[in-house]
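Each ligand, and each atom within it, is numbered from 1 in the order the structure gives. The chain is numbered in sequence order, starting from 1. Atoms considered below: every heavy atom in the structure, side chains included; atoms not considered: hydrogens, waters and symmetry mates.
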Amino acid sequence: MTADVGVIGTGVMGSNLARNLASQPGTRVAIYDRDVERARAVAAAHPEAEFLVADSPAQLASMLHGPRVAILMVNAGRATDSAISDLVAVFESGDIIVDGGNSLFTDTIARGRAVERSGIEFAGVGISGGEVGALTGPSMMVGGSEAAWRRLRPILEPIAAKAEMKSEGGSETGTARGSGDARSEDVPKPSPEEALQSSSAREPETAGEPCIAHVGTDGAGHFVKMIHNGIEYADMQLIAEAYALLREGAGLAPGEIAEVFAQWNEGELESYLVEVTAEVLAHTDPLTGRPFVDVVADSAGAKGTGAWTVKTGLDLGAPIATIAEAVFARSLSAATLLRSAGDTLDGPRPAASAEESEAWVETVRKALFAGKILAYVQGLHEIAVGAREHGWDTDLGEVARIWRAGCIIRARFLDRIADAYAADPQLSSLLTAPYFRDSLNGTQSSLREVVVAAAGAGVPVPALSSALAYYDGIRAPRSSAALVQGQRDFFGSHTYGRVDRPGTFHTLWSGDRSEVEV
Ligand SMILES: NC(=O)C1=CN([C@@H]2O[C@H](COP(=O)(O)OP(=O)(O)OC[C@H]3O[C@@H](n4cnc5c(N)ncnc54)[C@H](OP(=O)(O)O)[C@@H]3O)[C@@H](O)[C@H]2O)C=CC1
Ligand SMILES: O=C(CO)[C@H](O)[C@H](O)COP(=O)(O)O
């Protein structure tokens with residue numbers, strides 16, 4: 001018996017993606033893990049998937065009919081390199097290797113070149129949705145040649161999340177829905193545990209637009225996924241700051257804040273991350289009976305995609321300060337030695353004013369919405385700049401469309417982003433689209449208010465502050481960069497342009513201070 005597709009790596013993502021593939025009619029899946037017992041255990045736990053389990057890459061290759069397709073779901077970096085070289089040794093020209101992990105896009109470009117020298121196709125596919133998404137429908141960002149996309153589409157499209165079709169009236173009623181997505185109103189949602197334990201708990205979504213797209217050649221899929229994760233970092237940090245403003249500014253308890261977030265999730269802030277936040281805040285630690293959030297160490301981890309987004313933004317000259325602040329906020333949280341100096345430092349201590357809490361909650365909600373829009377604006381701008389730099393034909397509206405369901409940053413307003421690019425495919429910035437312009441005009445004063453209040457109260461809100469600075473930086477009729485240009489010319493003859501005539505100029509600062517054209 002031969003299999004249609006192979007999955008390498010049967011950990012959190014690979015096991016669930018393999019089950020998702022195996023649940024498609026007529027699809028037989030072969031699995032392999034370097035820990036062969038892990039792959040065997042996955043097959044034993046899910047007999048309905050009828051997996052073929054390979055003991056080696058060579059056996060996997062022998063189980064697949066040609067031209068072979070294998071999807072790697074292994075850790076980024078060395079593990080991916082080693083899995084690729086194992087496959088290259090046993091695959092043949094015309095076969096295709098798909099890297100579905102969170103690889104750095106520049107690695108994907110280099111790997112593609114190396115692999116394709118042997119006639120084997122290579123595609124880098126960003127996959128988002130965590131373990132439940134992998135099982136019930138992830139969002140997938142495909143990078144690679146048109147030929148690879150044509151081959152992969154029939155395999156991957158059926159397992160992708162489906163975003164609800166919009167009814168008459170467009171975004172007013174159109175909410176994103178992936179299989180396993182929490183926002184279905186008419187379909188009972190299996191809990192994550194149910195979804196993971198039993199494939200029979202899964203109600204495959206067949207209607208709706210599949211959340212998968214070919215976003216460009218070589219590294220484009222992993223590039224777009226990297227920035228998805230950068231936005232994820234910013235979104236999470238903005239939410240965490242809103243939580244701090246409610247807890248420390250309004251004196252609300254975690255359970256009360258959980259209710260606030262659950263309520264926010266009914267409106268324009270509706271998103272998977274806001275929903276998850278409400279669940280985490282409502283949770284009580286079974287060991288101590290205290291709010292779960294109070295017993296978790298306040299030191300955040302990171303696997304690297306956020307930092308890559310920031311490094312790439314620096315290389316591309318794309319201003320993504322809110323994403324950068326979110327990455328640095330995690331670094332600061334984990335810098336225990338640095339933070340130990342805090343005890344000796346003066347400053348205000350937050351004092352809650354509970355009597356104003358209702359108005360404050362609404363102000364924080366609006367500030368969070370403004371911050372969230374600005375974080376997406378930054379991420380999408382970085383995609384546009386990166387696509388230009390690398391020659392990828394990435395359609396930002398398509399990116400927004402495939403993020404509407406299945407992925408971690410799925411949110412109601414992604415419909416609005418998709419609409420904005422559909423209305424104007426040449427949109428230079430989301431900020432000029434009427435919905436986003438009007439939303440920011442209606443929320444910017446709240447963003448300003450919380451940043452001022454937080455600074456006065458000593459509550460750190462780096463992401464909200466940087467979102468406001470980004471907004472005001474864009475609004476400023478004249479930037480203070482003119483002075484920076486003057487300073488650069490003074491100490492380094494770096495030259496400058498003028499507002500009143502074309503050309504490049506230098507002032508003879510050490511001489512008679514006359515100006516010369518250079
Ligand atoms: N977890 C998540 O929510 C998400 C993860 N991702 C990405 O998906 C990929 C997989 O993540 P995840 O499933 O969480 O990772 P896990 O560590 O749970 O699983 C990876 C599996 O691959 C095995 N493996 C490593 N190297 C090889 C190899 N050369 N050949 C065969 N098997 C190998 C590992 O074995 P061993 O334990 O021995 O190393 C392990 O069993 C990563 O790139 C991750 O960044 C993407 C989206 C979401
Ligand atoms: O890819 C993902 C979702 O799309 C992972 O959830 C993400 O990698 C988590 O990242 P980190 O551990 O850095 O917070």
Engineer: At under 4.0 Å between heavy atoms, which part of I8 makes contact with ligand 1: side chain, backbone, both or neither?
Structural biologist: side chain
Engineer: Testing the 3.5 Å rule here: is there a donor-acceptor pair between the side chains of N102 and K303?
Structural biologist: no
Engineer: Looking at V364, L368, V293, T277, which hits side chain to side chain contact (heavy atoms under 4.5 Å, CB included) with Y243?
Structural biologist: V293
Engineer: Could you identify the single nearest non-hydrogen protein atom to atom 17 (O) of ligand 1 and state the distance to 0.1 Å?
Structural biologist: N75 ND2, 3.1 Å
Engineer: At their closest point, which heavy atom of R401 faces which heavy atom of P210, and how far apart are they?
Structural biologist: NH1-O, 3.2 Å
Engineer: Using 30° and 60° as the class limits, which term best fits the ring planes of W392 and F223: parallel, tilted or perpendicular?
Structural biologist: tilted
Engineer: Around atom 1 (O) of ligand 2, find the nearest protein heavy atom and jot down its residue, atom name and distance.
Structural biologist: K225 NZ, 2.8 Å
Engineer: Can you name the closest pair of heavy atoms from P462 and Q237 and give their distance?
Structural biologist: CG-NE2, 4.0 Å
Engineer: Would you indicate which of G100, A39, S15, A83 comes nearest to atom 28 (C) of ligand 1 when only heavy atoms are counted?
Structural biologist: A83
Engineer: With heavy atoms of M73 as the reference, note each atom of ligand 1 found under 4.0 Å away.
Structural biologist: 8 (O), 10 (C), 20 (C), 22 (O)
Engineer: What side-chain donor-acceptor pairs closer than 3.5 Å can you find for residues 61-79, not counting sequence neighbours?
Structural biologist:
{"residue": "S62", "atom": "OG", "partner": "Q59", "partner atom": "O", "Å": "2.7"}
{"residue": "H65", "atom": "NE2", "partner": "D4", "partner atom": "OD1", "Å": "2.9"}
{"residue": "R68", "atom": "NE", "partner": "A61", "partner atom": "O", "Å": "2.8"}
{"residue": "R68", "atom": "NH1", "partner": "D95", "partner atom": "OD2", "Å": "2.7"}

Engineer: For ligand 1, is there an atom lying under 4.0 Å from some heavy atom of S128?
Structural biologist: no
Engineer: Evaluate E50 against R28 for salt bridge (Lys or Arg N to Asp or Glu O under 4.0 Å), listing each step before the verdict.
Structural biologist: CA-CA 7 Å; E50 298 182 349; R28 175 60 68 108; 3.4 Å; yes
Engineer: Name the option, out of K303, H228, R34, M13, that contains the heavy atom nearest to atom 26 (N) of ligand 1.
Structural biologist: R34
Engineer: For F328, look at atom CZ and say whether over 12 heavy atoms of other residues, nucleotides or ligands are found less than 6.0 Å away.
Structural biologist: no
Engineer: On a heavy-atom basis, I'd like to know which of V12, V74, V42 is closest to atom 42 (C) of ligand 1.
Structural biologist: V74
Engineer: Describe, in one word, how the ring planes of Y376 and F413 are oriented to each other, choosing from parallel (under 30°), tilted (30 to 60°) and perpendicular (over 60°).
Structural biologist: perpendicular
Engineer: Based purely on interatomic distance, does T305 place a nitrogen or oxygen under 3.5 Å from a nitrogen or oxygen of ligand 2?
Structural biologist: no
Engineer: Atom 3 (O) of ligand 1: which protein heavy atom is closest, and how many Å away?
Structural biologist: G130 CA, 3.5 Å
Engineer: With a 4.0 Å cut-off on heavy atoms, is M236 touching ligand 2?
Structural biologist: no
Engineer: Please list the nearest protein heavy atom to atom 19 (O) of ligand 1 with its residue and the distance rounded to 0.1 Å.
Structural biologist: G11 CA, 3.3 Å
Engineer: Checking salt bridge (Lys or Arg N to Asp or Glu O under 4.0 Å) for the pair R410/D415: CA distance, chi angles, key distance, verdict?
Structural biologist: CA-CA 10 Å; R410 59 189 187 253; D415 267 339; over 6 Å; no
Engineer: If you measure from each non-hydrogen atom of T80 to ligand 1, which part falls under 4.0 Å: side chain, backbone, both or neither?
Structural biologist: neither
Engineer: With heavy-atom distances below 4.0 Å as the criterion, list the atoms of ligand 1 near I127.
Structural biologist: 46 (C), 47 (C)
Engineer: Please check this pair: side chain of E241 against backbone of A463, looking for a donor-acceptor N/O pair closer than 3.5 Å.
Structural biologist: yes
Engineer: Can you list the atoms of ligand 1 that are under 4.0 Å from a heavy atom of S82?
Structural biologist: 29 (N)
Engineer: Distance under 4.0 Å to a non-hydrogen atom of A76: what atoms of ligand 1 satisfy this?
Structural biologist: 43 (O)
Engineer: Between K225 and ligand 1, which part of the residue brings a heavy atom under 4.0 Å of the ligand: side chain, backbone, both or neither?
Structural biologist: side chain
Engineer: Checking a contact table here: which protein heavy atom is nearest atom 6 (N) of ligand 1, and how many Å away?
Structural biologist: N102 ND2, 3.6 Å
Engineer: Does Y233 have R330 sitting over its ring (NZ/CZ under 6.0 Å from centre, angle to axis within 45°)?
Structural biologist: yes
Engineer: Report, in ascending order of atom number, the atoms of ligand 2 lying under 4.0 Å from any heavy atom of R330.
Structural biologist: 11 (P), 13 (O), 14 (O)
Engineer: N/O to N/O below 3.5 Å, does that happen between D33 and ligand 1?
Structural biologist: yes
Engineer: In terms of residue, atom name and distance, what is the protein heavy atom nearest to atom 13 (O) of ligand 2?
Structural biologist: Y233 OH, 2.5 Å
Engineer: What are the atoms of ligand 2, with element, lying closer than 4.0 Å to any heavy atom of N229?
Structural biologist: 1 (O), 2 (C), 4 (O), 7 (C), 8 (O)
Engineer: Using a 4.0 Å cutoff against the non-hydrogen atoms of R38, which atoms of ligand 1 qualify?
Structural biologist: 34 (C), 35 (O), 36 (P), 37 (O), 40 (C), 41 (O)
Engineer: Could you identify the single nearest non-hydrogen protein atom to atom 3 (C) of ligand 2 and state the distance to 0.1 Å?
Structural biologist: E232 OE1, 3.4 Å
Engineer: Just need the protein heavy atom nearest to atom 12 (O) of ligand 2, so name the residue and atom and give the distance.
Structural biologist: K303 CG, 3.1 Å
Engineer: Would you mind running through ligand 2 and noting each atom that sits below 4.0 Å from a heavy atom of I408?
Structural biologist: 3 (C), 4 (O)
Engineer: Check the pair S103 / D99 against side chain to side chain donor-acceptor pair (under 3.5 Å), numbers first and verdict last.
Structural biologist: CA-CA 8 Å; S103 289; D99 176 9; 2.5 Å; yes
Engineer: For the residue pair H283 and F292, is the inter-centroid distance of their aromatic rings smaller than 6.0 Å?
Structural biologist: yes
Engineer: Against heavy atoms of S128, which atoms of ligand 2 measure under 4.0 Å?
Structural biologist: 3 (C), 4 (O)
Engineer: With side chain to side chain donor-acceptor pair (under 3.5 Å) as the test, would you mind laying out the steps for S466 and E325 before giving the verdict?
Structural biologist: CA-CA 7 Å; S466 90; E325 285 297 354; 5.5 Å; no
Engineer: For a quick test of reading the model, state the closest non-hydrogen atom pair linking A324 to V310 and the distance between them.
Structural biologist: CA-CG2, 3.6 Å
Engineer: Show the numbers, then the answer: is there a side-chain contact (heavy atoms from CB on, under 4.5 Å) between V276 and Y272?
Structural biologist: CA-CA 6 Å; V276 164; Y272 176 66; 3.5 Å; yes
Engineer: Can a non-hydrogen atom of A302 be found less than 4.0 Å from any atom of ligand 2?
Structural biologist: yes
Engineer: Any idea which atoms of ligand 1 are less than 4.0 Å away from a heavy-atom of G9?
Structural biologist: 21 (C), 22 (O)
